[in-house]
Amino acid sequence: MDTPDSSKRHLYLVDGSAYIFRAYHRLPPLTNPRGVPVGAVYGYTTMLWKLAEDLHKADGPTHLAVILDKGSTTFRNALYDQYKANRPPPPEDLVPQFPLIRDATRAFSLACIEEDDLEADDLIASYAREATRLGWDVTIVSSDKDLMQLVGTCSEGGGCIDMLDTMKNLRIGIPEVIEKFGVPPELVGDVLALMGDSVDNVPGIRGIGPKTATKLIQEHGGLENALAAAPAMKAGKLRESLIEQAEMARLSRVLVALKEDCPLPIPLEDFALGQIPRDPLAAFLEEHGFTSLLRRLDDGKGSPGPKTQLNPAKPETGAAPAAPQGSRQPLPAWPTVDLAAYQCVQSMGELQQWIARAFAARVVAIDTETSALDSMQADLVGISMALGPNDACYIPLGHRGTDMFAEMPLQLDRAEAVAALKPLLESDAVLKVGQNIKYDLTVLARHGVDVAPIDDTMVMSFCLDAGRSETGIAGHGMDELADRHLGHTTMTFKELCGTGKKAISFAEVPLADATRYAAEDADVTWRLHRLFAPRLLEEGGTRIYQRVDRPLVTVVAGMERAGIKVDRERLAGLSATFTTRIAELEAVIHEKAGGPFTIGSPKQLGEVLFDRLGYKGGKKGKTGQYSTDQSVLEGLAAQGAEVATLVLEWRQLSKLKSTYTEALQAAINPQTGRVHTSYSLVGAQTGRLSSNEPNLQNIPIRTEIGRQIRDAFVAEQGNVLLAADYSQIELRLAAHMADVPALKEAFAGGEDIHARTAMEMFGTVDRDTRGRAKTINFAILYGISRWGLAGRLGCTAEEAQAMIDRYFERFPGIQRYIHDTLEKVRECGYSETLFGRKTWFPRINSKNQAERQGSERAAINAPIQGTSADIIKRAMARMGPALIEAGLPNVRMLLQVHDELVFELPEGDVEAARPVIERVMAGAAEPSVRLTVPLGVEIGTGLSWGAAH
DNA sequence: GAGGTCACG
DNA sequence: GACGTACGTGACCTCT
């Protein structure tokens, strides 16, 4: 600071919500590179920029916070239910900009505050009062007339309050307030109470406007005096109104009064301005295409520009740049992980200190420790937090004694600690970082905490490095990431809790060990986040991470938590039927085989079929074992081997019973009575989700007998299930991406695409040619080989090759797509979806032909499968807000099955929900990508999942 | 833990 | 000429 009196504090309080409305109306409707409207965000960003430029001026801010309105109702609605009821909804293209305001604030590393039940004005008033009490000067960045009540007030402390209208570049002091209202600031509230406010729906007194209100207050010196003087006034409308509506005026006075004693969620000192780190700001400016600001950021010559304060120095942690594939990147200059440095938090005082420090840090890595792996059932045992390298703590909450005689460990009351952490975990001003934070979201949601905003290092790793590994599939687990990126070997859960029968619950781990383990996880997560955030920007992963995968984390957590109801009795009934039939089959198979054997053992079955019974066609694989899979058994059955037919039926029923009818009953959550799958966001290299424990993405549908299992997935009483499918989405995307006129035309015309293919290929459409065409269409999507196609179609490789040639000829574009895709992957090492998701293929140039060809097929498929995954993920991220906006808060999204979404909704909502869901799904590529084929969506409803198809 | 099989898109 | 023979998953079973 170059101010003479360097101890003088000057607090700027930015009225963010008010600003954004004004900026919206004053600025042209800009959109960012993704087509998202950002005009108001741009205005807001330039305003913050201007304020940042004032940093080093003599009377510039030393402290700054942005205050936002949070909810739509506040305590004032309890006083007067019509308060602000007349407000029109914000313009459609402004709505998506609200959350970006927070992003912008965070990008400047500024504090951002919003509280339920309070308006921004109240928080501003409370902070302003507190600051002046301490002798600070305060500038309120706003032009809101309500806030003018605060201007000029000097307390004993000596601090003064003024306002700054950045748009008009106007300082508002006492003279300006008097000019506007005709009265000094302390009487502004009385004037406002008389005149009312039509926008906020403050009633005031009908017939009294600003002029009369000012005159009355000037004459009588205050509202109560004016009301008291009314009976003595000369008869007329004014006198009558004042008498009749005196109570309305008094209510209005309360409504316009600012609440100056709100609890302050963040201490004033934490608003201290320091250097503004460059990287997050640059990332934000780039993401939204604010290129002129970005240039100014990097242009050191602009003086007196923000350069000196918006210091472009590398982040203090020295994040390492991306490493070339395969080589270890240089390790960041951080102190090595020191398990002894972590604090075990055992008092509320210590906890409060950590919370305050986390607010100040604005980024906190968190990790929850629980008693089990299932986030829907696990009990919360503790929470760890990290604010920097080795700056981490563990808060034990649910530990037991190490044995039944041991004393209970000293720890905070769980409910009390969670309540203390809740404002931090829910604060928009603080980014919560987790490794697989979806798990923590679910656990904490069950304790009433909705964690936001979030980052997930596992998902970040996936967006950077999907498929990227010399030896195979790159994992994104914490231990692996710590080793790969930090050169650090983490404590393993096994070391701590053991395995198998001797395993103990985390709740039984002694606090000292638990602290080392849990805090280390948070510490490592914090470090990984510091590495990944700049890499995403440099390597082009920001778009897919910020726009698709990050928003999805919270959405998917919600779906998992919702679960789906299954009809236990129905499953049990099916199980019993299957059991009986399986026993019958077993007896007959053993009889035909000439003795008992384990039918479920492919090895024994092969020997029975090909050695003992002497059937032909036995093929041994590389393990020296006969193959007995479906196609082999079907071949035997065609030769008249009845036992093969019986084994096929046995296999089908055994599969259905063990994997579905039995396992699903066991998967019903005893608390919710529903089945909660867990989705992995990093499970499939192409960007698809995967589902596990239980897998709800492979519930039978293709056979009649399997389909009965789908009928056991049901809606709650009074509700129905709605299933919405993209039809032929991958073929449509192939038509678009390879630019195939005939296919695009067929999709545009709503034709049967396989029939069209049959016509092009064979000149005629019947069952047979359509079926063959369908096979070929899929073969194309999966990276064709003549051998594979020949096997599927039952023809020779030469005939298959002829068909491939014909396909390329009829559908020009396909061959070029395959060629270009492979070219790019060979060159860059990765493929990309239309939305920029990368999948790495480290073995694309392998000397091993099988390996190489396998990579080539996967590389041809990945952009198509991945783009499809991006599209449905975008639809999922938008679905919740779209349904809320449509007034359908009771429609719940439950499942995703790659090209299908399943919802549960009140029967009465079906007709309203159908078009909303259809629109969101069909339009999910836009505005990022303009497809040249329509996306078809088919919707069905029913009391069960089976019936909804 | 690996291999085989089969449920799904 | 061998290699293996369509992309992406997860669960269950048997056997080592």
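Naming: A, B, ... by sequence-line order, numbering from 1 per chain.
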| Just by distance, with hydrogens left out, do A:N848 and A:S846 show a side-chain donor and acceptor under 3.5 Å apart? | no
| message | Taking 4.0 Å as the cut-off, does a side-chain nitrogen or oxygen of A:R651 come that near to OP1 or OP2 on B:dC6? | response | yes
| note | Applied to residues 784-809 of chain A, the ring-ring contact (aromatic ring centres under 6.0 Å, His included) test, sequence neighbours excluded, yields A:Y807-A:F811
| note | Scanning both residues in full, the closest heavy-atom pair of A:C795 with A:A800 reads SG-N, 3.9 Å
| request: Scan side-chain atoms only and decide if A:T686 and A:T839 contain a donor-acceptor pair under the 3.5 Å cut-off. | output: no
| Any donor-acceptor N/O pair, A:R806 side chain to A:E760 backbone, under 3.5 Å | yes
| request: Kindly say if A:R792 contacts the phosphate of C:dA6, meaning a side-chain N or O under 4.0 Å from OP1 or OP2. | output: yes
Atom pairs under 3.5 Å: protein N/O with N/O of nucleotides 12-16 of chain C:
unit_1, atom_1, unit_2, atom_2, d
C:dC12, O3', A:S658, OG, 3.4
C:dT14, O3', A:S601, OG, 3.3
C:dC15, OP1, A:S601, OG, 2.9
C:dC15, OP1, A:Q604, NE2, 2.7

| task | Please state how far atom CD1 in A:I776 lies from atom C1' in C:dC7, giving the value in whole angstrom units. | result | 17 Å
| message | Measure CD/A:E851 against P/C:dC7 and give the value in whole Å, please. | response | 14 Å
| field | More than 12 heavy atoms from other groups under 6.0 Å of CD on A:Q377 | value | yes
| note | For residues 817-838 of chain A, the salt bridge (Lys or Arg N to Asp or Glu O under 4.0 Å) pairs (sequence neighbours left out) are A:D549-A:R837, A:K824-A:E832, A:R826-A:E856, A:R837-A:D870
| message | Using the P atom as the point on both nucleotides, what is the distance between C:dT5 and B:dT5, in whole Å? | response | 12 Å
| query | At under 4.0 Å between heavy atoms, what does A:I699 touch on the DNA or RNA strands: base, sugar-phosphate, or nothing? | reply | sugar-phosphate
| task | Tell me what A:N698 touches on the nucleic acid: a base, only sugar-phosphate, or nothing, going by heavy atoms under 4.0 Å. | result | base
| task | Answer yes or no for this row: A:W787 ring on C:dT5 base, centroids under 5.5 Å, planes under 30°. | result | no
| Pair A:E642 + A:K592: basic N to acidic O under 4.0 Å | yes
| request: Go through residues 852-877 of chain A and report each residue with a non-hydrogen atom lying under 4.0 Å from DNA chain C, sorted by number. | output: A:R857, A:A858, A:N861, A:Q865
| query | Which pair of non-hydrogen atoms, one from A:A925 and one from A:F835, has the smallest distance, and what is that distance? | reply | O-CE2, 3.6 Å
| query | Quick one: A:Y626 OH to B:dT5 P, roughly how many Å, whole number? | reply | 14 Å
| query | Is the distance from OP1 or OP2 of B:dA7 to the nearest side-chain N or O of A:R702 less than 4.0 Å? | reply | no
| Heavy atoms under 4.0 Å, any strand shown: does A:S627 hit a base, just sugar-phosphate, or nothing? | sugar-phosphate
| Taking the C1' atom of each, how far is B:dG1 from C:dA6, in whole Å? | 27 Å
| request: With heavy atoms under 4.0 Å as the rule, sort A:S691 into base, sugar-phosphate or nothing. | output: sugar-phosphate
| Structure string for DNA chain C in dot-bracket form, Watson-Crick and G-U at under 3.5 Å, | interchain | ......|||||||||.
| message | Looking at A:H898, is its backbone amide N or carbonyl O close enough to the side chain of A:R688 to form a donor-acceptor pair, meaning the two atoms are under 3.5 Å apart? | response | no
| field | P atoms of B:dG3 and C:dG4, separation to the nearest Å | value | 13 Å
| said: Applying a 4.0 Å non-hydrogen cut-off, can you work out what A:Q630 is touching in the nucleic acid: base, sugar-phosphate, or nothing? | reply: sugar-phosphate
| request: Using a heavy-atom cut-off of under 4.0 Å over every strand shown, decide if A:T775 touches base, sugar-phosphate, or nothing. | output: base
| message | Closer than 4.0 angstrom, basic N to acidic O: yes or no for A:R581 and A:E586? | response | no
| request: Keeping to residues at least two apart or across chains, list the ring-ring contact (aromatic ring centres under 6.0 Å, His included) pairs with something in residues 677-715 of chain A. | output: A:F713-A:W945
| task | Taking only the side-chain nitrogens and oxygens of A:T623, find out if one of them lies under 4.0 Å from OP1 or OP2 of B:dG4. | result | yes
| Nearest to the side chain of A:D629, which nucleotide is it out of B:dT5, C:dG10, B:dG4? | B:dT5
